[in-house]
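Read through the structure below, which is laid out as structure tokens, and then see the notes.
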Amino acid sequence: MKPLDKKLLRDLWHLRGQVIATALVVACGVASFVSMRSMYNSLLESRDSYYRQYGFADVFTNLKRAPDSVAGEIAAIPGVAVVQTRVVAKITLDIPDLAEPAQGQLVSISPKDDQQLNRLYLIRGRMVEPDHADEVLISGAFAEANSLSPGDQLAAVINNRLRKLHVVGIALSPEYIYEIRPGDIFPDNKRFGIVWINRRAAAAAFQMENAFNDVSVKLEPQASEAGAIEAIDRILERYGGFGAYGRSDQFSHRFVSNELAELQVFGTVIPAIFLGVVAFLLHLVLSRLINVEREQIGLLKAFGYSNADVGLHYLKLAVIAIAGGVVAGILLGAWMGSGMNALYAEFFRFPIADFRVSPMVIIGAVVISTGAAAIGAASAVLRAVSLPPAEAMRPEPPANFHAGIVETSGMQKLLSTETRIIVRNLVRQPVKALLSAIGIALSIALLFIGFYFFDAIIRIIDVQFYHIQREDVEVSFIEPRPGRAVYDLAAMPGVLRVEPYRVVPARIRSGNRVRRIGLFGLSKRPTLRRVIDKDLNLIHLPPEGIVIDRTLAESLAVEEGAVLTLEVTEGTRPVRELNVVRIVDSLLGTGAYMEMDALSRLMNEGGMVSGAFLSVDRYKREELYSQLKSTPGVSGVSLPDSTLESFNETMAKTIGTSTTFLIGFACVIAFGVVYNGARIALAERGRELASLRVLGFTQGEVGKMLLGEQAAITAVAIPIGWVAGFGACLLITKVVDADIIRLPMVVSARTFLYSAGIVALAALFSGIIVAWRIRRMDLIAVLKTRE
Amino acid sequence: MVTQTADNESFVNANLTSTEPVFQVRGVSKIYQMGEVEVHALRSVDLDLYRGEFAVLLGASGSGKSTLLNIIGGLDVPTTGTVRYLDHILTDADDAELTRFRREHVGFVFQFYNLIPSLTALENVQLITEIAENPMSAAEALDVVGLSERRDHFPAQLSGGEQQRVAIARAIAKQPDVLLCDEPTGALDVKTGKIVLEVIERVNHELGTTTAVITHNAAISAMADRVIYIGSGEITQIDRNTTKARPEDLVW
């Protein structure tokens, strides 16, 4: 081994505390990069290969009813490659251990060769036999939530007739990676599932022989989606088409894509934060080392080592210092990633969801962390290289303090001597102090983000479940029913109040912008389901015109007072101009609301209802549920309380896990910055501090002077961290798909307190470790030597 | 416990003055373990320092004089032997007690001044007056060393001699019982060194502070009440000067 390399190893050993602290930050950065990048790649790969292998369609639509021959017309549209027709309907399911009825989405499947799009992946059991009308497959998450297996029986109300269904298999479909009731935000797998039945049985149940009510289309690679959608809508217009839409409006696809987008952002931002801190820490450590080794550098150069030799020597040191962190980070990242993958598996159902760390990700991690190390080392190494040998061999001139702003402003009279020492040390190297503060601020920001998610979710729950969805039960009908259905519901056991609603599918248009919506007609004076404004006050729906959500307004580029064109795709398919009376800020979905009577007039129908919100005597719920189970025409009930419960469960787990990691990450950064800062301060000012000990200052007093600087930096970092955290949260609220959810920018006092408190504790802890070294300070040696 | 050689006994007796001893060093040895080699820095040293006297400890480098001063000053503990300061036995004290001893009773002056670079001259002195029980004012202390005009300068803006005078002001400001100076002129030129010695002499004379100066510079011994010669970890000789030279008359 060359002597210079031996020196390198010994330097590393000597600096081991700081090297380890830096390597820990590297490990966190690399781990977050590897886990999130790999998760992104794996999720994308799982999704795309699933779509490819199982023929996920490009364009979807449903309609009232069309004869099979219409499929040929659609297939003739230029750019259409494959057309798959189906029968799809809502059914009510009676799950043995569930009091309330569950809702099923009945989807027909054709014999293997005819099923070209949205093919099923069989997890367990077998496919349905073509001539067994009562055999069904059920979806994975639904089966799991209700502990259903092949061989179990399900009672179902299908088109007003009670049927017994035999579960023969559990399956997954690329259409339902995120298995959620269309229109919902949170999954409720106990009460919603997909039921696949063979085409002939479905057709028989719904009088759809030689007809269909659902179309999926695969396009040619270069085909225009918009063009195809328009053509399909034109063809299906007279068959009661509800409006075709592409993948971006397909529920499951939308959620998965949103998740991918978030992963991509987080997988870039979080590693960047860490590697920025790494560069700074290496800069600190190497600058100090090169100061100490000035004379050695001069000597090396005097003896004929080239600038390149010297520069490379310190660069090597930086790279080796992080090498352990990179390796640990890759391993940690792989482990974290597979954990994330397991969490995702609870939401997203793939046939195969392998988590794979690709060589490209590993190479990427090595390259960017080496790059960060090189950036951090650059200025220190340049300084070493540019030192003329003769100058290098002279000791560095003493620290040059002079009167600054504090002195000239007369502020120093207000400060104690200890405070003056701290302030002047900070002011003397303001860039270093600022960078340290930024490093600590970043860890505060990370925590801030973590706790903010809790705040946002708590807010959403509060708004959604305590101010908007105040009903105990929502009952939806398969088909709109006459208004008297309300009286039937009111007569059911335990029902205290019934508020009917009407929802009609429609296209809403402004200029050339168009969106598909479900337009809600709500009661004039609602007490259960309500539309509220930003301040949670009830909005009275106007007797004419429409109230729309801000997200919808923005996507249509309209403001209050604008006129929209509404094209209803149900019933007589009326087309009307509507005045936008009010735009409301809500957190979930993209809503459009009218007063129920106004909607009824618009539809030209006498008080039809699509369902109702009920307030129920809690002691009679069971009785009500069992009656609803056997009530024809009821497609399902949803219970906000149970949705909330299952949501809380999954969210608690997901956010709990990610917050734990964020806390760990933030502590590592805070520790790394404070520990390195204090160690270097101790090294630079060891003589000064030892002198104070000699002069009769206690270990505690000297410790305070040393750590006061770090404490001041931490104190400055707290507000910076809060601002940065707030900014990052704002950015995140923009990244999240606004059509799904608008994260409210609410931050609790707890978030402020915890983000600062945890980092302050981590800083204190690392400070104490360094202060501990004051005990071991050699008081005598320091008096004899000049720096 | 206290073992004395007949020779040492006679030195002590010969130099007894009417003043009481402030420090009593008895049988003090210091052994450093340097790898596998034992270094005897001090070998069973006995010594008294008397109230108000100006003592010079003279010896070559490596003679053990600094080790002795460090032990007296409560910076180091002997391997064997006892050191008594008035009625305190320093050799029984723990770190906290030694810290308090230094804080309350000892003023140190070092070869390299050891000023706090981030504090002005005045503030360096205030640093000590803030923690002392009965200090003189920091301004007064700077006045004693003749640096009133330079009080708002930072160490980097002061010459070596000025820095050393600030260090002396810092040492005397707490009105210590003893002033211990380790090679106070070691880093200074002759002219500046003399100014510093004058200051030390004046402190001893005007404030009556017991003063011990270690040096390898034999010329300085002329200004002492007593000169204690140290060689190879032992006190070899103690001389009492009948007439003390003034610092400006010293030649080296």
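Here is the naming used below: chain letters follow the sequence lines, and residue numbers restart at 1 for every chain.
Of the options Glu162(B), Gln163(B), Gln157(B), a side-chain hydrogen bond (donor to acceptor under 3.5 Å, both in side chains) to Arg150(B) is made by Glu162(B) and by none of the others.
For Arg170(B), the part sitting under 4.5 Å from any heavy atom of chain A is the side chain, from C-beta outward, and nothing else. Residue Arg693(A) touches chain B through both its backbone and its side chain, counting heavy-atom pairs closer than 4.5 Å. Heavy atoms of Leu692(A) lying under 4.5 Å from chain B belong exclusively to its side chain. Asn124(B) does not touch chain A: none of its heavy atoms, backbone or side chain, sits under 4.5 Å away. Contact annotation for Leu127(B): both backbone and side-chain heavy atoms come within less than 4.5 Å of a heavy atom of chain A.
When the candidates Gln126(B), Arg103(B), His105(B) are compared by the number of heavy-atom contacts under 4.5 Å with chain A, Arg103(B) comes out ahead.
No side-chain donor-acceptor contact under 3.5 Å links Asp152(B) and Thr120(B).
For Lys65(B) (side chain) and Gly59(B) (main-chain N/O), a donor-acceptor pair under 3.5 Å exists by modelled atom type.
A cation-pi contact, defined as under 6.0 Å to the ring centre and within 45° of the axis, is absent between Arg10(A) and Trp13(A).
We find that Glu684(A) and Arg428(A) are not joined by a salt bridge, their nearest charged nitrogen and carboxylate oxygen being 4.0 Å or further apart.
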